[in-house]
Participant: 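Mind having a look at this structure? Questions to follow.
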Number of protein chains: 2
Amino acid sequence: MQDHDNLTENDCKMTVRIKDVALAAGVSVATVSRALGDGPVSDELRKKVEAAVAATGYLPNLSARRLRSQHSHTIGLIVSDIRNPFFTAVSRAVEDAAYAVGMRVILCNTDENPQKEAMYLRLMQEERVTGVIFAPTRATAQKLDPQQLGFPVVLIDRAAPPGHADAVVLDNAEAASLLVEHLLAQGYQRIGGLFGNTSTTGAERYAGVLAAMQRHGLQAEARFIAPTPEAAEQAMRAWLAEPAVPQALIASNGLVLLGMLRGARAAGIAIPQQLALAGFDNDNWTELAGPGLTVIEQPVYDIGRTAMKMLLERLEDPARSARKVVLSGRLVVRGSTSA
Amino acid sequence: MQDHDNLTENDCKMTVRIKDVALAAGVSVATVSRALGDGPVSDELRKKVEAAVAATGYLPNLSARRLRSQHSHTIGLIVSDIRNPFFTAVSRAVEDAAYAVGMRVILCNTDENPQKEAMYLRLMQEERVTGVIFAPTRATAQKLDPQQLGFPVVLIDRAAPPGHADAVVLDNAEAASLLVEHLLAQGYQRIGGLFGNTSTTGAERYAGVLAAMQRHGLQAEARFIAPTPEAAEQAMRAWLAEPAVPQALIASNGLVLLGMLRGARAAGIAIPQQLALAGFDNDNWTELAGPGLTVIEQPVYDIGRTAMKMLLERLEDPARSARKVVLSGRLVVRGSTSA
DNA sequence: GATGGCATTGAAATCGATTACACAACACCT
DNA sequence: AGGTGTTGTGTAATCGATTTCAATGCCATC
């Protein structure tokens, strides 16, 4: 209840409120609010307000602004693990695009854990976020209902059942086909791979491999694992210890590829002499490891930027039907697949 | 939830406010608030409130909560670029620790740009964040005054003038010394390196190299560049085209090391036969590139976790004097430095 | 000179929560 | 029996902004 007449110095200790700016400028709080926003204010008063803001060192309280205006100017980015270089790159693109339109980004790591996914989705609701960009596990993608959540969702990397939500994905079948055709052209016939078992992505890439092989009357041997370097390395070691190993192996993403290469090294297998190796994600290291690894390069930055663009478009027109943007991967041929 | 009647009735379109919960439970809003928090509420009413929360599908509005309680439960993490694997790993640790104590993280990329740093620091003030973990450029570290900002700051990777702010850093001189001693033990005498020119880290690592060399009566040749793979590759190519190239080169961080390796490859230089190469940051790929790269491994996850811990301690005791936690790097010897 | 826009402005309501304060009910002391 | 806490509860104030609504002054028009 006590008045604070100490306008002596700027930020002694009290935080400056809009009321203080109004007092200093000799106008009403409404006018200050309008001058700071885009309301109709005369040039004269606008100048006064700007001077008062500078003099008092006023910084708006975003919580108050959000509460009253009902605009959080915040989006959520929910991925499995930011340390996956794919998501790292995507996140950078999303944040660039978000900050460019005055939005903040809340980043969440789910570790492919449906419980964490549910928890973070609820958090997003409590934050009253403007929208969410989300790479869900298969389990969550299935039961996801954007209508129920209260904010638009754009899926990345992994898609939901058609028509349910906007999505930006790679043409996984096409990309897998590119890889397989390349391997076949190099003379490899017996082809297999390790695929992630938590997302739809692993399944789609396997399906692409299978389809391409079948077009040539061949079969593919696939194994499904947790999409981590550790699981991939272990599976690779086990596989390489068996009698009949394929001539060429495919990794369903960058982390799996990393683990597979480690496993091959540990087993003393020479690449490509004893085994050809290829995979997804043109991470920095794939160019430099061994003879260079043949990979499918995803337009990572583009995926993030496009996801953000779709989110903004969805906000403009909430009613339009769900869209799926399918981007193409690029085959980068390196030494790991030269017979 | 198989109760269709309730579903259609309840969360049709209106957002549920605490007032609605109070109405549904037949208690006052204060009691609802206390039941959700840790206030004194009888078991009977607490049960009623919980039932009403479940029935109405109430989700608290965090903006309102933050405004009133004056606790944002949010911390800022300001780094140069999340795509730098060092910061990626740190960010994951920070977020794990933050969410574990019920705090959210706002991530900002500054691209080593002092203007962006200033902009994001102001944003943090407007968000009324609880605290900030910050990897500043040298320019900003110099003029940083945590008192003025209004929230505690913990610096990572790079330190400010002593006593100004809490910090978690690597013992750069010790680590650089480890590298140099190792190279000398391998018989290399003419040693040089590429160091980042924006942070104090590059300078400290150079100083460490210089000091170690001087202890053996030797000199070191250093060049300072923008800490990006592109700049490093270009500088490397230029250097390798000159007549007298050192026998061993050191990179001041993982990105620079990546660029240097690319430059060496482009110039057709064999490692370690024609040139030894070593650096900082035990990124995934360093183990797999060429003969394996000798590096200083930083305790990346530990750095992030410690930074968060220091921030929480500082919040408990704002008055205590600034602390600097110095962690040690570990030398990982690989093929790139075997003479 | 009265009337009707139009552009500004301020007072007050409002966003949705937490919390200070008052008060009732009840056990525990002298 | 009469203070004295202690607990649990409701009412109302409050956080700091935006936004509604009414009022003002000014100018052109009739």
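Chain letters run A, B, ... following the sequence lines, proteins first, then strands; residues in each count from 1. Given the structure is predicted, the values throughout are model-derived calculations rather than measurements.
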Participant: B/Arg66 CZ to D/dC15 C1': how many Å, rounded?
Facilitator: 14 Å
Participant: When the distance from CZ of B/Arg17 to C1' of C/dT18 is rounded to whole Å, what number comes out?
Facilitator: 17 Å
Participant: Rounded to whole Å, how long is the line connecting atom CG of A/Leu62 with atom C1' of D/dG16?
Facilitator: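 The answer, rounded to whole Å, is 11 Å.
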Participant: Any side-chain N or O of A/Ser28 below 4.0 angstrom from OP1/OP2 of C/dT9?
Facilitator: no
Participant: For residues 159-168 of chain A, which side-chain donor-acceptor pairs fall under 3.5 Å, sequence neighbours excluded?
Facilitator:
| residue | atom | partner | partner atom | Å |
| --- | --- | --- | --- | --- |
| A/His164 | ND1 | A/Leu144 | O | 3.4 |
| A/Asp166 | OD1 | A/Arg314 | NH2 | 3.1 |
| A/Asp166 | OD1 | A/Arg323 | N | 2.7 |
| A/Asp166 | OD2 | A/Arg314 | NE | 2.8 |
| A/Asp166 | OD2 | A/Arg314 | NH2 | 3.2 |

Participant: Whole-Å distance between D/dG16 C1' and B/Glu127 CD?
Facilitator: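 Rounded to the whole Å, the gap is 14 Å.
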Participant: Please report, rounded to the nearest Å, how far the C1' atom of C/dA17 is from the CD atom of A/Gln125.
Facilitator: 18 Å
Participant: Hey, can you pull the residues of residues 42-50 of chain A with a non-hydrogen atom under 4.0 angstrom from DNA chain C?
Facilitator: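 Under 4.0 Å from DNA chain C: A/Ser42, A/Leu45.
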Participant: Please give the angle, rounded to 10 degrees, between the axes at the start and the end of the helix from C/dG1-D/dC30 to C/dT30-D/dA1, where five pairs define each axis.
Facilitator: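 For the helix from C/dG1-D/dC30 to C/dT30-D/dA1, the axes at either end differ by 50°.
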Participant: With distance as the sole test, does A/Ser72 use its side chain to make a donor-acceptor pair with the main-chain N or O of A/Arg128 at under 3.5 Å?
Facilitator: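 Confirmed, A/Ser72 side chain pairs with A/Arg128 backbone.
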Participant: Going by salt bridge (charged side-chain N to carboxylate O under 4.0 Å, His left out), name the residues that satisfy it together with B/Arg83, two or more places apart in sequence or in a different chain.
Facilitator: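 B/Asp81.
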Participant: Restricting to side-chain contact (heavy atoms from CB on, under 4.5 Å), what partner residues turn up for A/Val129, sequence neighbours left out?
Facilitator: A/Thr74, A/Met124, A/Glu127, A/Val132, A/Phe151
Participant: Would you call B/Leu315 and B/Pro152 a side-chain contact if the rule is heavy atoms closer than 4.5 Å?
Facilitator: yes
Participant: Just wondering, more than 12 heavy atoms not from A/Lys324 lying within 6.0 Å of its NZ?
Facilitator: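 Count not over threshold, so no.
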Participant: Sequence neighbours excluded, which residues qualify as ring-ring contact (aromatic ring centres under 6.0 Å, His included) partners of A/Tyr99?
Facilitator: B/Tyr120
Participant: Under 4.0 Å between a side-chain N/O of B/Gln70 and OP1 or OP2 of D/dG16, yes or no?
Facilitator: yes
Participant: Please report, rounded to the nearest Å, how far the C1' atom of C/dT14 is from the NZ atom of B/Lys19.
Facilitator: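 Roughly 10 Å, once rounded to whole Å.
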Participant: Please figure out whether B/Leu67 or B/Gly26 has its closest DNA chain D nucleotide nearer the 5' end.
Facilitator: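 Between the two, 5'-proximity favours B/Gly26.
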Participant: A/Arg65 has an atom CZ; how far is it from atom C1' of D/dG16, in whole Å?
Facilitator: 11 Å
Participant: Show me the protein contacts with nucleotides 19-28 of chain D, counting only N or O atoms at under 3.5 Å.
Facilitator:
| residue | atom | partner | partner atom | Å |
| --- | --- | --- | --- | --- |
| D/dT19 | O4' | A/Arg68 | NH2 | 3.3 |

Participant: Please enumerate all residues that pass side-chain contact (heavy atoms from CB on, under 4.5 Å) together with A/Ala93, with sequence neighbours excluded.
Facilitator: A/Tyr301
Participant: Choose from D/dA17, D/dT9, C/dA17 the nucleotide whose nearest atom is closest to any side-chain atom of B/Thr31.
Facilitator: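 Of D/dA17, D/dT9, C/dA17, D/dT9 is nearest to the side chain of B/Thr31.
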Participant: Of all residues at least two apart in sequence or in a different chain, which pass the side chain to side chain donor-acceptor pair (under 3.5 Å) check with B/Thr198?
Facilitator: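 Partners of B/Thr198 under the side chain to side chain donor-acceptor pair (under 3.5 Å) test: B/Glu112.
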Participant: Which nucleotide in the set C/dA17, C/dT9, C/dG16 lies at the smallest distance from any side-chain heavy atom of B/Thr15?
Facilitator: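 Side chain of B/Thr15 sits closest to C/dG16.
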Participant: Mind jotting down which residue pairs meet the salt bridge (Lys or Arg N to Asp or Glu O under 4.0 Å) criterion with at least one end in residues 304-313 of chain B? Sequence neighbours excluded, please.
Facilitator: B/Asp302-B/Arg305, B/Glu313-B/Arg320
Participant: Expressed in angstrom and rounded to an integer, what is the separation of A/Asn61 atom CG from D/dC15 atom P?
Facilitator: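 Going from CG in A/Asn61 over to P in D/dC15 covers 12 Å.
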Participant: Could you give all pairs that pass the ring pair (Phe, Tyr, Trp, His ring centres under 6.0 Å) test and reach residues 22-56 of chain A, with sequence neighbours left out?
Facilitator: none
Participant: Would you say a side-chain N or O of B/Tyr58 is under 4.0 Å from OP1 or OP2 of C/dG16?
Facilitator: no
Participant: Which donor-acceptor pairs under 3.5 Å do side chains of residues 40-54 of chain A form with protein atoms, sequence neighbours excluded?
Facilitator:
| residue | atom | partner | partner atom | Å |
| --- | --- | --- | --- | --- |
| A/Ser42 | OG | A/Leu45 | N | 3.4 |
| A/Arg46 | NH1 | A/Ala35 | O | 3.1 |
| A/Arg46 | NH2 | A/Gly39 | O | 3.3 |

